[in-house]
Visitor: 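Please find one structure pasted underneath; my questions will follow.
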Amino acid sequence: QVQLVESGGGLVQPGGSLRLSCETSGFTLDDYAIGWFRQAPGKEREEVSCIWSGNNITYYKDSVKGRFAISRDNTKNTVYLQMNGLKPEDTAVYSCAAVLVWGPRRCSAYVADEYEYWGQGTQVTVSS
């Protein structure tokens, strides 16, 4: 049974930090890339970051480069998203998702519709 469970969201002030966790089970991170996505009310879902443990190549959306950092702990089957310098426009529901790396060996090659498994999401609100 494949499962992904996000945690770590909450309410923070602009400039604050949060660390999101994506705990996975039912597969190994060497076989699946993990992506972090977010969706704000009235806006399209967008990919924030992704990582594949097979080569540790990562991707970041331009607007979060230098502020967010993705990492993984294969022994815990967990992927993290450290978010620093948070801005109000970062407010969204953040979800992690997994896609089998069957072809391209970089996670940025896979679009959201290709991700097979999704967590339920965790709310991040950035407000003063």
Side-chain angles (χ1 to χ4, degrees):
Q1 183 178 7
V2 174
Q3 289 186 315
L4 296 86
V5 180
E6 305 95 336
S7 62
L11 173 64
V12 297
Q13 295 182 346
S17 298
L18 286 172
R19 188 180 76 159
L20 305 183
S21 297
C22 177
E23 300 180 26
T24 70
S25 61
F27 60 92
T28 64
L29 295 181
D30 282 346
D31 296 328
Y32 286 79
I34 302 296
W36 281 102
F37 298 82
R38 68 186 182 189
Q39 187 167 26
K43 294 188 177 296
E44 298 292 324
R45 179 179 57 194
E46 61 182 0
E47 186 173 16
V48 176
S49 183
C50 65
I51 187 170
W52 180 46
S53 295
N55 57 17
N56 215 31
I57 293 176
T58 60
Y59 158 83
Y60 296 95
K61 180 179 175 64
D62 285 346
S63 62
V64 309
K65 287 181 178 178
R67 299 190 296 121
F68 291 9
I70 192 169
S71 61
R72 86 277 189 268
D73 185 340
N74 284 16
T75 65
K76 298 180 179 179
N77 291 327
T78 299
V79 173
Y80 304 95
L81 185 67
Q82 179 67 46
M83 305 187 295
N84 300 322
L86 285 163
K87 304 175 180 180
E89 52 262 44
D90 295 319
T91 296
V93 174
Y94 285 70
S95 301
C96 62
V99 57
L100 179 67
V101 179
W102 58 269
R105 295 169 63 83
R106 66 189 194 280
C107 62
S108 60
Y110 300 89
V111 299
D113 286 348
E114 295 178 290
Y115 279 76
E116 301 159 291
Y117 307 104
W118 292 78
Q120 64 181 349
T122 184
Q123 176 71 47
V124 172
T125 302
V126 185
S127 176
S128 60

Visitor: Are Asn77 and Arg72 close enough that a side-chain donor and a side-chain acceptor fall under 3.5 Å?
Guide: no

Visitor: Which pair of heavy atoms, one from Val48 and one from Phe68, lies closest together, and at what distance?
Guide: CG1-CD2, 3.5 Å

Visitor: Please check if Tyr60 and Leu86 belong to a single hydrophobic cluster, counting links between Ile, Leu, Val, Met, Phe, Trp and Tyr side chain heavy atoms closer than 4.5 Å.
Guide: yes

Visitor: Under the side-chain contact (heavy atoms from CB on, under 4.5 Å) test against Leu20, which residue among Val79, Ile70, Thr122 passes?
Guide: Thr122

Visitor: If we check ring-ring contact (aromatic ring centres under 6.0 Å, His included) with Phe37, which of these qualifies: Tyr59, Tyr110, Trp118?
Guide: Trp118

Visitor: Restricting to non-hydrogen atoms, name the atom on Ala92 and the atom on Ala40 that form the minimum distance, rounded to 0.1 Å.
Guide: CB-N, 3.8 Å

Visitor: Is there a path from Val2 to Ile34 through hydrophobic residues (I, L, V, M, F, W, Y) whose side chains come within less than 4.5 Å of each other?
Guide: yes

Visitor: Is any side-chain heavy atom of Lys61 less than 4.5 Å from a side-chain heavy atom of Glu47?
Guide: no

Visitor: Mind listing the closest non-hydrogen atom pair of Asn74 and Ser53 along with its distance?
Guide: OD1-OG, 3.1 Å

Visitor: Just do the side chain to side chain contact (heavy atoms under 4.5 Å, CB included) check on Thr78 and Glu23 with the steps written out, would you?
Guide: CA-CA 5 Å; Thr78 299; Glu23 300 180 26; 3.8 Å; yes

Visitor: Tell me, please, which residues at least two apart from Gln3 pass side-chain contact (heavy atoms from CB on, under 4.5 Å).
Guide: Gln1, Ser25

Visitor: Between the side chains of Arg38 and Tyr94, is a donor N or O closer than 3.5 angstrom to an acceptor N or O?
Guide: yes

Visitor: Hey, are the side chains of Ser95 and Gln120 touching, using non-hydrogen atoms and a 4.5 Å cut-off?
Guide: no

Visitor: What pairs meet the salt bridge (charged side-chain N to carboxylate O under 4.0 Å, His left out) rule with one or both residues in residues 96-124, with sequence neighbours excluded?
Guide: Arg45-Asp113

Visitor: Is the shortest heavy-atom distance from the side chain of Pro14 to the side chain of Pro88 under 4.5 Å?
Guide: yes

Visitor: Under 3.5 Å, side chain of Thr91 to main-chain N/O of Glu89, donor-acceptor pair present?
Guide: no

Visitor: Rounded to the nearest 0.5 Å, what separation is found between the CD atom of Gln82 and the OG atom of Ser49?
Guide: 12.0 Å

Visitor: List the atom of Asn84, the atom of Ser17, and the distance in Å for their closest heavy-atom pair.
Guide: OD1-OG, 2.9 Å

Visitor: Tell me whether Tyr32 shares a hydrophobic cluster with Tyr80, the cluster being built from Ile, Leu, Val, Met, Phe, Trp, Tyr side chains joined at under 4.5 Å.
Guide: no

Visitor: Val124 versus Leu18: any side-chain heavy-atom pair under 4.5 Å?
Guide: yes

Visitor: Could you pull out the closest heavy-atom pair between Gly85 and Asp90, with the gap in Å?
Guide: O-OD2, 4.4 Å

Visitor: Working note: Asp73 + Thr75, criterion side chain to side chain donor-acceptor pair (under 3.5 Å); need CA distance, chi angles, decisive distance, verdict.
Guide: CA-CA 5 Å; Asp73 185 340; Thr75 65; 2.5 Å; yes

Visitor: For Trp36 and Ser21, which heavy atoms make the closest approach, and how far apart are they?
Guide: CH2-O, 3.6 Å

Visitor: Any idea how Tyr117 and Phe27 line up, ring-wise: parallel (<30°), tilted (30 to 60°), or perpendicular (>60°)?
Guide: parallel

Visitor: Any side-chain heavy atom of Cys50 within less than 4.5 Å of one from Tyr115?
Guide: yes

Visitor: Atom CD of Glu6 and atom SG of Cys96: how far apart are they, to the nearest 0.5 Å?
Guide: 4.0 Å

Visitor: Pick one: which of Thr58, Leu81, Ile57, Leu29 meets side-chain contact (heavy atoms from CB on, under 4.5 Å) with Ile51?
Guide: Thr58

